[in-house]
Protein chains: 2
Amino acid sequence: MTTAQRPTLEAVARRAGVSRATVSRVVNGSTTVAEPIQEAVRRAVAELGYVPNLAARSLVTQRTDSVALVMPEEATRVFSDDQVFPGIIRGAAQELEAADKQLVLMLAGSAAGHERVERYTTGRHVDGVLFASLHGADPLPGTLARLGIPVVCAGRPLDGARVPYVDVDNVGGVTRAVRHLIENGRRRIASIAGPQDMIAGIERLTGYRETVTAAGLAELVAYGDFTRESGAAAMHQLLTAHPDLDAVFAASDLMAHAALRTLREAGRRVPDDVAVIGFDDIETAAYTEPPLTTVRWEIVELGREMTRQLLRLAAGEAIEESVILPTELVVRESA
Amino acid sequence: MTTAQRPTLEAVARRAGVSRATVSRVVNGSTTVAEPIQEAVRRAVAELGYVPNLAARSLVTQRTDSVALVMPEEATRVFSDDQVFPGIIRGAAQELEAADKQLVLMLAGSAAGHERVERYTTGRHVDGVLFASLHGADPLPGTLARLGIPVVCAGRPLDGARVPYVDVDNVGGVTRAVRHLIENGRRRIASIAGPQDMIAGIERLTGYRETVTAAGLAELVAYGDFTRESGAAAMHQLLTAHPDLDAVFAASDLMAHAALRTLREAGRRVPDDVAVIGFDDIETAAYTEPPLTTVRWEIVELGREMTRQLLRLAAGEAIEESVILPTELVVRESA
DNA sequence: TTGTAAGCGTTATCAT
DNA sequence: ATGATAACGCTTACAA
């Protein structure tokens, strides 16, 4: 079975009885073409089923009309039931669709993957790069920015590079959460912190520390990596080190979920004995036992906003160095 | 700030003192180049930081080295905490990375989105197309296949098109689940079925029907769309219509999760009064109250297998029309 | 307003 | 084994 040759501009031009240039103008929406000719060209395009060859176009325009979305690949987090990454993917996809650009997804977890991402993006195979999550002080965003390649990150880059980013108001959200606990009479408030090589982990811990300290309370901290497994381990640690705790703020809903179960297994009632608050408001949060009080933020909106900023940057517009999205405390039954 | 021009083959050739053709050979790993010359070329490549222009290459090779992964866009399912789609994305990304191809993600939910996907894929902007989920009798996979464009679907296409697909053994998995219920003495076994315009919804219902009928038991069915919300509604219906039910098989873990909560609210104990089994084994399943017995399958593996098949197809190899992945009953506490 | 023609950066076909 | 050279399909000055 031979595959039918796809028609080229040339073929359409012949059919419509005009030059390639004219067809190109019509296809690209130039207004300087006489109406009847436009009509004829459009008919020829339809009859032949012509679709522009993107590679050829890209070769001459120097644009690729595609942007890369780079994600870390750690199995535990990216594609567990954490909704953060899927949400960002969705937001980016929506916004790019509206801009008629392609979304190229790249996993950068392994060293090989990271190198591949670096080659691909520095090679200008995309018009811009979105980083969905940064671990440690990855220099890649800064490198790309210096090369003049449009970049936007989710969260402030830890290496101090001046790369535009979009983030949520982590500190504000945590502050509200911890205050809520204090206002409800809790005094021994612990925190299951996130990984300290990620900006979200750092900021959420900072918010907790500042708030409990300002209230004259002790800092009771254990560390996790945002996953349920790590949350369970951290909760055990806290229970052992501070058996008298009466509240826990977890830096992710996943860790909060695990804390809920660990507390139950330890015979503590939530919220009677121990109040629990999470962060993210993933869908599961409304279905935990008891339903989880948490700090909500719009995941999909983060993806959309990042993409909007990137498109502006790629269009040569100036953008703010950072955009901070709001958070909101959703009070359910766990606190 | 002017962007540095990226070096071309020409530049590398000049630097290494050879022709463009030779550089091309070295870059593409041809063995017919003398070792010292290869050496010189490689040095020039490194010094200049040369990266091939994919558009130019694609233009002449007629390959794009990228494949599209098409997903439906319904907000409720694709990016809720259902891990199915993220899992497929991950599997595809891993496999494509190994093959050095790009993953282009496309959402096909809206009519406009669907049309866009059609234009893009039929326009041969990708070497192949992966469909992550089909709703109703979407003719697109069949259309692409007829155009000679490599296509692989997740699940058998409902329009009867002869398109290769990879799926899990839905019927087998459900059969084992329902038998487990029967063996444990359950006799009033209901099912919360999935959407009947999706092959997974249809097959899981078929498996349930056949098994209860073979055991001489009644069919008690309510319908959902795989989401928690729909699961809760379906559970309510079942409780009203069949207050004496003693077991529920839900076609997705999300619906099973909602059923668990609905049953508790209705004062039924799980598994004492009512046993519950789900399908998918998402991470949350191990954390529900009580932990959910469910039918497990390897989501990421589905994505990988689909991609492997597609790559074979794109390489001109013949492949089986379908690959069925195994399922396994994971017994926890809910049944 | 329309057409001509010169690239864009590769790969591939021939010679050599 | 290496080098010219002709495509690949499109956009875009520049002419007409």
Side-chain angles (χ1 to χ4, degrees), chain A residues 3-42 44-45 48-66 100 119-120 122-127, chain B residues 3-42 44-45 48-66 100 119-120 122-127:
Chain A
T3 301
Q5 269 301 299
R6 39 188 302 213
T8 68
L9 249 201
E10 178 70 46
V12 176
R14 264 201 309 273
R15 176 119 182 176
V18 297
S19 73
R20 290 204 318 264
T22 298
V23 177
S24 175
R25 289 185 188 108
V26 174
V27 170
N28 291 290
S30 164
T31 50
T32 67
V33 178
E35 187 49 55
I37 294 201
Q38 286 198 33
E39 178 65 19
V41 170
R42 259 189 275 278
V45 165
L48 266 34
Y50 169 75
V51 186
N53 180 319
L54 263 39
R57 175 181 285 169
S58 167
L59 190 55
V60 39
T61 60
Q62 304 283 35
R63 289 174 303 115
T64 64
D65 287 323
S66 65
D100 211 52
R119 269 209 329 274
Y120 194 75
T122 59
R124 293 175 189 278
H125 297 317
V126 287
D127 295 343
Chain B
T3 301
Q5 271 299 298
R6 42 188 299 213
T8 67
L9 252 200
E10 179 70 45
V12 177
R14 264 200 309 273
R15 178 120 185 176
V18 297
S19 73
R20 290 205 313 269
T22 298
V23 176
S24 176
R25 289 185 189 107
V26 174
V27 170
N28 292 288
S30 164
T31 49
T32 66
V33 178
E35 187 48 56
I37 294 201
Q38 287 196 34
E39 180 64 41
V41 171
R42 260 190 275 278
V45 165
L48 264 36
Y50 168 76
V51 185
N53 180 319
L54 264 37
R57 174 181 286 170
S58 167
L59 189 56
V60 40
T61 60
Q62 306 281 33
R63 288 175 305 113
T64 63
D65 287 324
S66 65
D100 211 52
R119 270 209 329 275
Y120 194 75
T122 59
R124 294 173 187 279
H125 297 319
V126 287
D127 295 344

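C:dT10 atom P lies 4 Å from atom CG of B:L9, rounded to whole Å. Look at NE2 on A:H125: it is 12 Å from C1' on C:dG9, rounded to the nearest Å. Rounded to an integer number of Å, the gap from B:L59 CG to C:dC8 P is 14 Å. Distance CG (B:N53) to P (C:dT11): 10 Å, rounded to an integer number of Å. The CG atom of A:L54 sits 15 Å away from the C1' atom of D:dC8 (whole-angstrom rounding).
If you check C:dT1, D:dT11, C:dT11 against the side chain of A:T61, the one that comes closest is D:dT11.
Side-chain N or O atoms of B:T64 include one that pairs as donor or acceptor with a backbone N or O of B:D127 at under 3.5 Å.
The closest side-chain heavy-atom distance from A:D65 to A:L54 is not below 4.5 Å. Residues A:R124 and B:V51 fail the side-chain proximity criterion, which asks for heavy atoms closer than 4.5 Å. Put simply, the side chain of A:V18 does not reach to within 4.5 Å of the side chain of A:R25, judged on heavy atoms.
Contacts between residues 22-33 of chain B and DNA chain C, defined by a heavy-atom separation under 4.0 Å, are made by B:S24, B:R25, B:N28. A heavy atom lying under 4.0 Å from DNA chain D marks the following residues of residues 14-21 of chain A, by number: A:R20, A:A21.
Heavy-atom minimum distance, A:A40 versus A:A16: O-CB, 4.0 Å. The shortest heavy-atom contact between B:R20 and B:L9 is O-CD1, 3.9 Å. Residue B:V12 comes nearest to B:V45 through the heavy atom pair CG1-CG2, 3.8 Å, listed as atom of the first residue, atom of the second, then distance. The two residues A:T8 and A:Y50 make their nearest non-hydrogen contact at C-CE1, 3.6 Å.
Residue contacts for B:I37: at a heavy-atom cut-off of 4.0 Å it reaches the sugar-phosphate backbone alone, with no base atom in range.
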